[in-house]
Amino acid sequence: MSTNEKELRVGMVGYAFMGAAHSQAWRTVNRVFDLPVRARMALICGRDESKVADAAGRLGWEGHTTDWRELIARDDIDIVDVCTPGDSHAEITIAALEAGKHVLCEKPLANTVEEARAMVAAAAKAQTVGVRAMCGFNYRRVPAVSLMRELVASGRLGVIRHVRAVYLQDWITDPQFPLVWRLQKDKAGSGALGDIGAHIIDLTQFVTGQRITGVSAITETFVKERPLPAESSGLAASADGAGAATGQVTVDDAAVFVARLDGGGLATYEATRFATGRRNALRVEINGSLGSVAFDLERLNELEFYDAAEPGVEQGFRRILVTEGDHPYMAAWWPPGHIIGYEHSFTHELRDFLAAVAAGSDPTPSFTDALQVQLVLDAVARSAELGSSWTGVEPVPA
Ligand code: SOE
């Protein structure tokens, strides 16, 4: 480490899918980006001693513990990275901020608006003594998504008329897939809505620079009872076979809603875990008065761009390959044309987090940005429950 570099020691809570993705990013961020601070992967925390010890070795952490309170109490920890299920985000994050630790908390910020508000208050208090907090909406840091935002902000699309966003998965279409924590409201807060719907809510607000002002929603739980899990990690799980005890699914399997943006545009959103054949398909299209732009996570190095100002005979969606040195983040990686992947968004996220901490500025998305997402999630859930805007269609006689 050069003499002018400050070392920031990181403690991460959680070691499943997001813990692994964040570990990859902690391992790479200082090797790829030239930053005035260097992250040291000091301590990883998880409830199961043997599993967290294995994770420490596999993911590259110097030490491990099963007690997150011990991690937070240590003077030799500067950053706490919260990669746990949503039911512990508030408790761990608020304790870390009160202990003077910078915090990166995975999305969604919390399981309820009340918890999110408490986290915003704790972050605001910690900010007065130079402590920084960020929420991990990583898809903002896909270069093509950051380019989308630049195109909208520059006026290239004109007035935004439509936002069209879907996030489609299919990992629980089998009714025998066990009742993992993501399917339990007390652990996850909600189902597809908060897990993947949160991403497209944040992403579209980030890209347009606008906020959702109201929604009308429907949700559905297609499979209401599932076998209890024997083992589970990330999106994989196993049950005890035929005759295993079962439990109730207490979250949505799918959420569909329309929304108004404060810039006057209309938006449609779909978040589902039952889009058979779509493993992790996030797609966003923005239509403006002067043009359109479309992003597909399955082709994350590309953007489709339509410029209505082009001569009529030349008009059409064209593909921008977002791998040039002057595209967001890309100069740090490979020569033009060499593509990157899903995990790079986490490295970019940590780059921006560390750069903000080093500069003494507030990283984005802030906890206030994340509270706005939480308020939209809450509005969608209430709208679906009330069904107030729903108008039935009279069936024609058979
Ligand atoms: C599961 O839906 C999940 O791991 C989400 O929790 C992540 O945020 C998303 O990036 C991938 O899928």
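Both backbone and side-chain heavy atoms feed into the values below; hydrogens, waters and symmetry mates do not. Numbering of ligands and ligand atoms starts at 1, following listing order.
Atom 12 (O) of ligand 1 has its closest protein heavy atom at Q169 NE2, 3.2 Å. In this structure, the protein non-hydrogen atom closest to atom 5 (C) of ligand 1 is D195 OD1, 3.2 Å. Protein heavy atom closest to atom 7 (C) of ligand 1, with residue, atom name and distance, is H199 NE2, 3.8 Å. Ranking protein heavy atoms by distance to atom 4 (O) of ligand 1, first place goes to F17 CE1, 3.1 Å. Summary of contacts: the protein heavy atom closest to atom 10 (O) of ligand 1 is Y139 OH, 2.8 Å.
Remark: E349 does not engage R141 in a salt bridge, criterion side-chain N to carboxylate O under 4.0 Å. Contact check on E298 versus R279 returns no salt bridge, with no Lys/Arg side-chain nitrogen under 4.0 Å from an Asp/Glu carboxylate oxygen. Note on D296 versus R283: salt bridge recorded, some NZ/NE/NH1/NH2 to OD/OE distance being below 4.0 Å. Comment: E220 engages K224 in a salt bridge, judged by a side-chain N to carboxylate O separation of less than 4.0 angstrom. Residues R9 and D75 are not paired through a salt bridge, judged by the lack of any N-O separation under 4.0 Å between the basic side chain and the carboxylate. With respect to R38 and E7, no salt bridge is recorded, no charged nitrogen being found less than 4.0 Å from a carboxylate O.
Only the side chain of K107 comes within contact range of ligand 1, with a heavy atom under 4.0 Å; no backbone atom does. In F346, neither the side chain nor the backbone holds a heavy atom less than 4.0 Å from any atom of ligand 1.
Atoms of ligand 1 found under 4.0 Å from any heavy atom of I196, numbered from 1 in the order shown, are 2 (O).
Each of D253, D170, D174, D195 was evaluated against R273; a single residue qualifies, D195, per the salt bridge (charged side-chain N to carboxylate O under 4.0 Å, His left out) test.
Under the 3.5 Å distance criterion, with hydrogens and angles disregarded, no donor-acceptor pair is assigned to the side chains of T66 and E49.
Ligand 1 lies within reach of Y167, whose nearest heavy atom is under 4.0 Å from it. Not a single heavy atom of R273 sits under 4.0 Å from any atom of ligand 1.
Taking distance alone, with nitrogen or oxygen atoms compared against 3.5 Å, W171 stays at or beyond that limit from ligand 1.
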